[in-house]
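Notes for the one structure printed next.
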Amino acid sequence: MKSKNAYGFTLVELLIVIVIISMLMALLLPAVGGARESMRQAACKNNIYQLSRASINHESKHGHFPSGGWGYGWVGDVNAGVGEKQPGGWIYNSLPELQQEPLYMLGYALTSSGSEKSESTMKSERETALKTPLPFLYCPSRRDAVVYPCTISGGFFNTNTPSAVGKTDYCYNGGDGKDIAAFGKGDGFNNLTETAWRQQTFGMEYPGCDRTKSTIANGLSQRRTGIRPEWVTDGGSYTYLLGEKYLNPDTYTTGTAGHDDQGWSIGFDQDIVRFSKHNTEDKAIPFRDRSGYSTPEFAFGSAHPDHFMMSMCDGSVRGILYSIDPEVHAHLGIRNDGVAHGADEF
């Protein structure tokens, strides 16, 4: 016999409970999503901080920030040192300061017993490095730290060309884009003097060819040579060092974008270098990643909702709003134009 106090839910009451739970979930899900994005942003910021510290430590050891390498089609070669003869760019040059010495040493000319390796063996080892995804080079808000397709036209010169490589979501600051003309494969650069290289690249005798006195790029990365701290005359706190690059979400995993088609160990190219200004302005204005929009191929940007993160030359990391004044952004990318913007301006 049932108790007179037995009680069950009516259909209406059950529906009310379901509605209440649904409303609570609707309120909680954005908060959970926001918390996750905050964690991803914190991880991204730490990546940039570690990369900037590596560059600063490199400068302390060698007297200049990591050199820019030769161009696309070339990857880092441990046998070439850290200066103008090094075909790899800033990421490759930073490996020893990122506790990646074994990766950096792949392709070394001698075996452990002291015998010389064949060129094919060294190329194979450089390919192994190129195919290694490095977690600190990926923004967790954008894509997983795995390999993605490599679609370089014509292949690489000093390594085998793999079908998939480790990529980077972070780029060095190339300034106002005057060095964009220097993108290219750069055949035969290894035996050129600095003066001859500038003549070949620009078709003329460039004023101040001595790399200890003058440089082409006015950012922190240029082909072959590294920027010295004394050339950052606007001050390290007022000049970009490196930060997040813009990508079209449609090409995150395809390798079909010309500015994300190679790997992290290449030389000077928009895969690893971006600019704060460009003669076609919308190619360098910072953007949030946007599906269907590939124009800002030289620009900084990110997958974060309202800002992208940049490290200054003093190692500090700052979130920069996409709405930053384009002129302020341009000046922050130029190390020697006499215009120093304070933190309250961006």
Taken in chain and number order and not counting sequence neighbours, the residues that satisfy salt bridge (charged side-chain N to carboxylate O under 4.0 Å, His left out) with E116 are none
K283 meets the salt bridge (charged side-chain N to carboxylate O under 4.0 Å, His left out) criterion, sequence neighbours left out, with E297
Contacts of S163 meeting side chain to side chain donor-acceptor pair (under 3.5 Å) (sequence neighbours excluded), chain-then-number -> none
Applying side chain to side chain donor-acceptor pair (under 3.5 Å) to D77 and not counting sequence neighbours gives N79, R126
Rounded to the nearest 0.5 Å, the OG atom of S302 sits from the CE atom of M310 at a distance of 11.0 Å
Any Lys/Arg nitrogen of D289 or R143 sitting under 4.0 Å from an Asp/Glu carboxylate oxygen of the other?
no
For L130 and G263 the tightest heavy-atom approach is CD1-CA, 3.8 Å
Would you say the side-chain atoms of R335 pair up with the backbone N or O of W231, donor to acceptor, closer than 3.5 Å? yes
Main-chain N/O of A42 paired with N46 side-chain donor or acceptor, under 3.5 Å: no
Note: with side-chain heavy atoms under 4.5 Å as the link, the other cluster members for M122 come out as none
Using a 4.5 Å side-chain heavy-atom cut-off and chaining through intermediate ILVMFWY residues, the residues clustered with Y293 come out as Y246, I285, F287
We want to know whether Y240 and H329 form a side-chain donor-acceptor pair, criterion being a heavy-atom distance below 3.5 angstrom. yes
Between Y49 and L51, is there shared hydrophobic-cluster membership here, with clusters defined by ILVMFWY side-chain heavy atoms closer than 4.5 Å?
yes
| message | Is the shortest side-chain heavy-atom distance between F136 and Q50 below 4.5 Å? | response | no
